[in-house]
Chemist: 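Take a look at the following structure, please.
Excluded from the calculations below are hydrogen atoms, water molecules and symmetry mates; all remaining heavy atoms, backbone and side chain alike, are included.
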Amino acid sequence: MLILNKTAGVFFKPSKRKVYEFLRSFNFHPGTLFLHKIVLGIETSCDDTAAAVVDETGNVLGEAIHSQTEVHLKTGGIVPAVAQQLHRDNIQRIVQEALSASRISPSDLSAIATTIKPGLALSLGVGLSFSLQLVGQLKKPFIPIHHMEAHALTIRLTNKVEFPFLVLLISGGHCLLALVQGVSDFLLLGKSLDIAPGDMLDKVARRLSLIKHPECSTMSGGKAIEHLAKQGNRFHFDIKPPLHRAKNCDFSFTGLQQVTNKRIMKKEKEEGIEEGQILSSAADIAATVQHTMACHIVKRTHRAILFCKQRDLLPQNNAVLVASGGVASNFYVRRALEILTNATQCTLLCPPPRLCTDNGIMIA
């Protein structure tokens, strides 16, 4: 706790008066007897301010979330200082909304759980500082949460999944494959050597200027690529999947982004347009990038399944693959993973889309 307090001191620290006012805003009667332990979860690792109240049986009693997507679309990406300020502006309201929806008084909480890593340092600091103030005022236990472990275990809220199982976490900030052997017991099998797949999709979408496309102007980069890819020919351009000769389970997406950028520059010259204008072949490029990314993810995941089965780390039949994170909600990627699991006698499980992205429920 001392170390966490030192860390929090570098970032945003709400005044005691504001925290007292926040606690006094609740009209519920403290001291109510609850049969289950109840945890408040707070998530601010990137660009979503989220909170939720969950009991030990997995019942979601209340939740709230504030998305910064609209703001970051205008700047073409997440600016850490902007994300930090938006977290500061919204965290008290979001926590209050989650608690109000749950009808739980802050004094009746059993503990407060908060994401402490990994993520944007400035964003993490806001949630951590706010949580530590609440912990100090309420005299409740503080539970530090690893963001990726929370994603990996979310499936156990919605499905009865026994250990061990394989988890694929793919998002805008992360990409890894791990064997989940128990709570906080993970064997890392592979990770991205450079950027995450969602980050790559965002950068390609920016290079294609899809925010100017009439059908994609309100979408994030990844969603814009997925939407436009439905109209394109995925075989129009020939791009080899990254690391196709590497005999491991690691990922790489920078090369795919760079090759795509070169293709875009070539097509711009062919069509006689400048950077910032929409290519006539934008849908074909989107389809090719999405297909190549999906093939790469599937091939590395296939290697992980074979590795685990050969060493009896997973059952030979009905082994479970959990796919989570924002990119796991891409239906093309999900369909590719379904083909893989059907071919390897595995079961693919994915949390609902709202639990695939960052949320307070997985933290609680």
Chemist: Between S45 and E43, do the side chains contain a donor N or O and an acceptor N or O under 3.5 Å apart?
Modeler: yes

Chemist: Classify the side-chain pair H36/T57 by whether it contains a donor and acceptor separated by less than 3.5 Å.
Modeler: no

Chemist: Distance check, rounded to the nearest 0.5 Å: T44 atom OG1 versus L120 atom CG?
Modeler: 9.5 Å

Chemist: On a heavy-atom basis, which atom in P351 and which in T154 lie closest, and how many Å separate them?
Modeler: CB-CG2, 4.3 Å

Chemist: Linking I/L/V/M/F/W/Y whenever any side-chain heavy atoms sit under 4.5 Å apart, do I143 and I116 land together?
Modeler: no

Chemist: Side chains of N90 and T49 only: does a donor on one sit below 3.5 Å from an acceptor on the other?
Modeler: no

Chemist: Rounded to the nearest 0.5 Å, what separation is found between the OG atom of S252 and the CG atom of L243?
Modeler: 5.0 Å

Chemist: Supply the atom-to-atom distance R263 CZ to F237 CZ, rounded to the nearest 0.5 angstrom.
Modeler: 7.0 Å

Chemist: Does NZ in K191 sit with more than 12 non-hydrogen atoms of other residues, nucleotides or ligands closer than 6.0 Å?
Modeler: no

Chemist: At their closest point, which heavy atom of I361 faces which heavy atom of N359, and how far apart are they?
Modeler: N-OD1, 3.1 Å

Chemist: Hydrogens and angles aside, do E271 and S280 bring a side-chain donor and acceptor to less than 3.5 Å of each other?
Modeler: yes

Chemist: Looking at every non-hydrogen atom in both residues, tell me the closest pair between I363 and A150 and how far apart they are.
Modeler: CD1-CB, 3.8 Å

Chemist: Do N261 and M265 come close enough that some side-chain heavy atom pair is under 4.5 Å?
Modeler: no

Chemist: Spell out, yes or no, whether I155 and L166 are grouped together once hydrophobic residues are joined by side-chain heavy atoms under 4.5 Å, including indirect joins.
Modeler: no

Chemist: So, does N159 use its side chain to make a donor-acceptor pair with the main chain of V161 at under 3.5 Å?
Modeler: no

Chemist: Under 3.5 Å, is there a donor on one side chain and an acceptor on the other for Q68 and D48?
Modeler: no

Chemist: Between the main-chain N or O of K37 and the side-chain N or O of S110, is there a donor-acceptor pair closer than 3.5 Å?
Modeler: no

Chemist: Do D202 and R206 sit within salt-bridge range, that is, some charged N less than 4.0 Å from a carboxylate O?
Modeler: no

Chemist: What are the two closest heavy atoms between A98 and A51, and how far apart are they?
Modeler: CB-O, 3.7 Å

Chemist: Who are the ring pair (Phe, Tyr, Trp, His ring centres under 6.0 Å) partners of H174, not counting sequence neighbours?
Modeler: H147

Chemist: Kindly write out the residues that satisfy ring pair (Phe, Tyr, Trp, His ring centres under 6.0 Å) with F331, not counting sequence neighbours, or none if the list is empty.
Modeler: none

Chemist: Would D358 and H151 satisfy side chain to side chain donor-acceptor pair (under 3.5 Å), going step by step from the backbone distance to the final call?
Modeler: CA-CA 8 Å; D358 293 349; H151 268 304; 3.1 Å; yes

Chemist: Nearest 0.5 Å please: distance from the CE atom of M148 over to the SG atom of C175.
Modeler: 8.5 Å

Chemist: Can E268 and R207 be counted as an ion pair, charged N to O under 4.0 angstrom?
Modeler: yes

Chemist: Report yes or no: do N342 and E338 form a side-chain donor-acceptor pair below 3.5 Å?
Modeler: no

Chemist: I'd like to check the ring pair (Phe, Tyr, Trp, His ring centres under 6.0 Å) partners of H296; sequence neighbours left out, ordered by chain and number.
Modeler: F251, F253

Chemist: With clusters defined by side-chain heavy atoms of hydrophobic residues (ILVMFWY) lying less than 4.5 Å apart, directly or transitively, does F307 cluster with L337?
Modeler: yes

